[in-house]
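Each ligand, and each atom within it, is numbered from 1 in the order the structure gives.
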Amino acid sequence: MKATARAHTNIALIKYWGKRNESLILPANSNLSVTLDGFSTETTVHFQEHLTEDSFILNEQSAEEDARTKIAVFLDKVRALSGKEIYAQVQSVNHVPTAAGFASSASGLAALAAASTKAIGLSLEDRELSRLARQGSGSASRSIYGGFVEWQMGEREDGLDSYAIQVADASHWNIRIAAVVLSKTVKKVSSREGMRRTIDTSPFYAGWLEQTAKDLQEIKQAIADKDFEKMGSVTEANCLRMHATTLGANPPFTYWQDNTMRVMQTVQGLREQGIPAFFTIDAGPNVKVLYLPEDEDKIKTRLNAVEGVEDIIISKPGSGISYM
Ligand code: ADP
Ligand code: DP6
């Protein structure tokens with residue numbers, strides 16, 4: 001009863017920001033991401049009869065109690081699905097900074113969903129796996145698949161129609177995504193808390209929701225047409241609108257730092273010189289830059305020169321879940 005799975009993180013081009021159901025993790029809007037081959041998690045789950053509780057080792061260290069509890073709550077769902085009352089040792093390695101805005105929760109929970117269901121003897125289809133991973137962390141529902149992925153919000157109260165589907169596979173479009181590392185420290189406001197505070201208190205939230213549905217339709221067309229300018233401009237505008245909602249929250253907050261602004265301005269400056277590059281930012285200070293492979297050298301040179309840039313990690317569209 002042991003299995004190992006690998007999942008990649010993803011970056012949302014149309015953001016998931018706000019839940020319509022907190023406990024089932026159902027999003028207030030459908031959203032879309034690209035899976036990143038540069039960041040991943042590998043997780044081994046070993047169910048054993050003699051264990052009296054679940055244990056969790058992350059990056060070769062015993063995880064803190066609340067991280068272990070989250071794993072146990074997730075494994076309860078897997079146990080309920082399988083009908084087997086058995087505990088597990090979970091060992092995971094993040095090839096991605098943890099809780100710093102690089103989506104470790106997406107790759108982490110997707111890898112956990114895949115490894116735990118296989119280890120306990122369940123054989124789930126991708127759609128079912130996506131629905132399960134969603135209940136660990138919303139963005140994990142998308143990391144089951146490679147390439148370009150849409151998480152459909154669904155309408156049902158029980159969440160059965162809220163799962164991700166692949167819009168285009170990783171080979172569809174040879175774009176690049178640079179993760180510009182400004183800080184790897186753990187963020188002050190988690191995405192979970194940030195979206196909760198925003199949906200509860202920000203008067204800008206209604207405007208965000210209305211426009212996001214339109215953005216999603218536009219970006220799907222841009223991906224189908226491989227229209228990079230269109231995809232990039234919709235991505236950037238959607239990101240800015242998401243971050244604007246946090247400024248309207250009570251108490252207000254922002255994930256940006258001064259370095260974040262510097263990178264954003266550099267990307268806009270690149271465009272003024274005719275180089276198509278667009279940014280997006282999740283719940284953290286770090287910036288991801290979308291560009292085409294032929295512009296890689298220029299993009300790297302310009303981004304490396306920005307004050308505060310610690311590292312640049314380049315990804316292509318990556319693959320979905322794999323088992324080892
Ligand atoms: P991030 O930007 O890294 O996704 P979050 O605060 O949204 O930051 O999520 C981080 C949380 O995800 C961690 O506190 C932990 O509970 C969970 N997590 C991260 N990595 C793993 C992993 N490999 N396996 C299981 N859970 C993980
Ligand atoms: C800003 O999936 O980490 O990265 O469902 O509460 O675990 P929970 O949140 P999470 O939120 C991701 C928010 C985002 C946008 C996105 O990835 O779509």
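R197 forms a cation-pi arrangement with F253, by the criterion of a distance under 6.0 Å to the ring centre and an angle within 45° of the ring axis.
Counting heavy atoms closer than 4.0 Å to ligand 2, residue S139 contributes atoms from both its backbone and its side chain. Contact annotation: for L109 versus ligand 1, heavy atoms closer than 4.0 Å belong to the side chain alone. Contacts of S92 with ligand 1, taken as heavy-atom pairs under 4.0 Å, involve the side chain alone. Under 4.0 Å from ligand 2, heavy atoms of S137 appear from its side chain as well as its backbone. Under 4.0 angstrom from ligand 1, there are no non-hydrogen atoms of D66. At a heavy-atom distance under 4.0 Å, only side-chain atoms of R142, from C-beta outward, approach ligand 2. Under 4.0 Å from ligand 2, the heavy atoms of I25 that appear belong solely to its side chain. At a 4.0 Å heavy-atom cut-off, ligand 1 touches F56 through the side chain alone.
Salt-bridge check for R271 with E236: passed, with a basic side-chain N closer than 4.0 Å to an acidic carboxylate O. Remark: R79 engages D54 in a salt bridge, criterion side-chain N to carboxylate O under 4.0 Å.
Here's the thing with S105: one of its N/O atoms is less than 3.5 angstrom from an N/O atom of ligand 1.
Residue contacts with ligand 1 include N94, since one or more of its heavy atoms lies under 4.0 Å from the ligand. For L58, the closest heavy-atom approach to ligand 1 falls below 4.0 Å. Ligand 1 lies less than 4.0 angstrom from a heavy atom belonging to S191. Contact analysis leaves D282 out of contact with ligand 1, as no non-hydrogen atom separation drops below 4.0 angstrom.
Atom OG in S55 sits 8.0 Å away from atom CZ in R68 (nearest 0.5 Å).
With D215 as the partner, the side chain to side chain donor-acceptor pair (under 3.5 Å) test is satisfied by one option alone out of N29, N238, T235, N31: N238.
Protein heavy atom nearest atom 3 (O) of ligand 1, with residue, atom name and distance: S104 OG, 2.6 Å.
Among H243, M242, M195, the residue whose heavy atom sits closest to atom 9 (O) of ligand 2 is M195.
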